[in-house]
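Position 1 is the first residue of the sequence, and the numbers go up from there. No experiment lies behind these values; they were computed from the predicted model shown. Just so you know, ligand 1 is whichever comes first in the structure, and atom 1 is the first atom listed for that ligand.
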Amino acid sequence: MNSAIFQLKNYILQSNKILVVGHENPDGDTIGSVLGLYGLLKKMDKEVYAIFPNDAPEFLKWLPFFNNCLIHTKSSQKVSQLLAETELIIGLDFNELKRIGKISEEIKKLNCTKVIIDHHPYPDPFFDIILSDTEVSSTAELVYRFIDRLEWTHHIDDSIATCIFTGIMTDTLSFNVNAHRPATFETTAKLLKYNIDRNDIHRKVFNSFSEQRMRLLGYALHQKMKVLYEWNTAYIWLNKDELKHFCFQIGDSEGMVNYPLSIKGIKLAALFLEKENHIKISMRSIGNVPVNEIMKNHFSGGGHKNAAGGEEYHLSLEDTLQKFESILPLYQTYLWEK
Ligand code: 5GP
Ligand code: MN
C-alpha cells in the first residue's frame, strides 16, 4: 500500500492532464471522493476533470465543484476527447471496470496510467496501481489518508473538506454502519476543524425528500414489503408502473433497502426495482450474511459483505423474486446463525 501511494504521488506530479472518475449511479462516497480529490488537484494547479458515468441524485448536487464535473450520458464527446488526451485516470469507489458502464469500453483501449482508490473487495488486477483497503469506512476516508500520507493536507480547504466529509457520512449512514474503527472518527474530527456545517450537510443529504419520495417509501413499507420470518429476511419490490406513479427520480430509492433491517430479527434485506430492461437489486445484511457473495453468485453483482448490488437481465420481476426466495436455503447457515 505504501509503495503504491508513493508511486501514485509520482504519477500525479508528472502528469499534466488527470481525470478523476466515479462509478455509475453515483452515491455520496464516489461523488465526495471524486470532487474532494478534484478540488485538491486543482489547488495543486493540475489540469484535472471530474467525470461520472451518469447523473447524480438531487440531494448531492449542492456539493462544491459539482457544477464543474462532466456527466458521460450528457457530454459523451467531450469525455471521449478527454479520455484520449489524458495521462492519468484515477477511479474512485469501484473495483472493476464494469462499474463505470460505457466509459469502460474506451478506458480499456487507452495506454495511460489507470489507478483505483477503493474499499470494495476483489479489486480487478487490470489497474496499474491499486490503493485498496476493505477495512475503511469509505473511499473518502481512504482519499483523506492518501492526502495525509503525502503531506498534502495543507491544500485542503473548506470545500474539499466538505466533499470528503460527505463521502464518509453517506457511506457510514451518519456513522451508524462501517464505523467501528477509531480512525474513521479521527479523520472526521480533523475534517470538522474546517468551516463545514455538519448539521446542514446531514439535512441536505438525508432530509431533503420530495413529497412523492416520502409517499413512495410509505407505500413500499406498507404494501410492498414481504417478511420471511423463517429466513430472517424481508424484501421490497416495485414495478415500473408504481415507480412512474410516484414520479420516481434518481436517488428516490436511496436508503429504502435499509428499512426492513429495522425489524427485530431480520438479517437480510433486499430491494428489487423494475427498470427499463432489467431488475436492479440492492441488498443489505447484518452480521455474517455475505450479500456480496449472494450478488456475485446469482445476480451478476458484488459489493461489500453487508451492502451489495446487482442486476437481473433475463427474468421478469416476479421470476426474480421467486429466484431470490429459492436461493435463500443456500445461505441457511448464515441466516440462522445466532
Ligand atoms: P447499492 O445497493 O447502494 O446500489 O450498492 C451497494 C454496494 O454494492 C455499493 O458498494 C456498490 O458499489 C455495490 N454495487 C451496487 N450495484 C452493483 C453492481 O451492479 N455490481 C457490483 N459489482 N457492485 C454493485
Ligand atoms: Mn463507498
Side-chain angles (χ1 to χ4, degrees), residues 21-37 52-54 56-57 59-60 91-102 104 116-124 126 131-145 163-173 175 177-179 184 187 205-206 235-238 250-261 268-273 275 277-285 289-313 320 324:
V21 183
H23 63 70
E24 200 161 29
N25 304 323
D27 61 4
D29 191 22
T30 204
I31 298 177
S33 300
V34 164
L35 298 180
L37 192 56
F52 298 103
N54 60 345
F59 62 82
L60 291 168
L92 291 154
D93 200 37
F94 60 90
N95 55 355
E96 51 181 9
L97 276 181
K98 216 177 86 182
R99 298 280 295 134
I100 51 172
K102 289 198 180 121
S104 65
I116 44 163
I117 303 180
D118 183 42
H119 67 138
H120 295 90
Y122 319 119
D124 187 335
F126 163 83
L131 294 187
S132 166
D133 184 346
T134 55
E135 288 298 306
V136 293
S137 65
S138 52
T139 298
E141 186 182 336
L142 213 45
V143 167
Y144 185 89
R145 188 202 287 175
C163 295
I164 300 175
F165 173 82
T166 304
I168 300 175
M169 187 194 77
T170 50
D171 249 26
T172 58
L173 296 180
F175 309 94
V177 296
N178 299 328
T184 303
T187 301
V205 171
F206 292 115
Y235 66 83
I236 293 170
W237 74 105
L238 294 164
I250 293 180
D252 278 1
S253 59
E254 198 69 36
M256 195 185 278
V257 63
N258 292 294
Y259 283 88
L261 285 183
L268 172 60
L271 173 69
F272 298 85
L273 297 179
K275 300 284 180 177
N277 60 352
H278 70 286
I279 312 297
K280 175 72 196 157
I281 307 157
S282 283
M283 272 186 207
R284 299 291 184 271
S285 68
V289 184
V291 286
N292 52 357
E293 295 298 322
I294 301 179
M295 283 301 181
K296 193 157 68 122
N297 295 340
H298 310 281
F299 297 109
S300 339
H304 308 278
K305 186 170 87 174
N306 297 123
E311 292 157 338
E312 173 60 66
Y313 276 89
T320 305
F324 174 61

*For the residue pair H119 and D171, confirm or rule out a side-chain donor-acceptor distance under 3.5 Å.*
yes
*Check: H23 main-chain N/O paired with T30 side-chain donor or acceptor under 3.5 Å*: yes
*What's the spacing between I168 CD1 and C163 SG if we round to 0.5 Å?*
11.5 Å
*In sequence, state the C-alpha distance, the side-chain angles, and the governing distance for D124 and N95, and then conclude on side-chain hydrogen bond (donor to acceptor under 3.5 Å, both in side chains).*
CA-CA 6 Å; D124 187 335; N95 55 355; over 6 Å; no
*Are any of the side-chain heavy atoms of F324 and E312 separated by less than 4.5 Å?*
no
*Using a threshold of 4.0 angstrom between heavy atoms of the protein and any atom of ligand 1, which residues qualify?*
E96, R99, H120, K280, S282, R284, G301, G302, G303, H304, A307, A308, G309, G310
*Got V177 and R284 here, is their nearest side-chain heavy-atom distance under 4.5 Å?*
no
_If I only include protein atoms of type N, O or S, how many are less than 2.8 Å from the Mn ion (ligand 2)?_
4
*Contact check, side chains of D27 and T170, non-hydrogen atoms, under 4.5 Å*: no
*Only counting residues at least two apart or in another chain, list the ones meeting side chain to side chain contact (heavy atoms under 4.5 Å, CB included) with E293.*
Y122, P290, K296, N297
Can you give the donor-acceptor pairs under 3.5 Å from side chains of residues 254-261 to other protein atoms, not counting sequence neighbours?
residue : atom : partner : partner atom : Å
N258    : ND2  : G255    : O            : 3.4

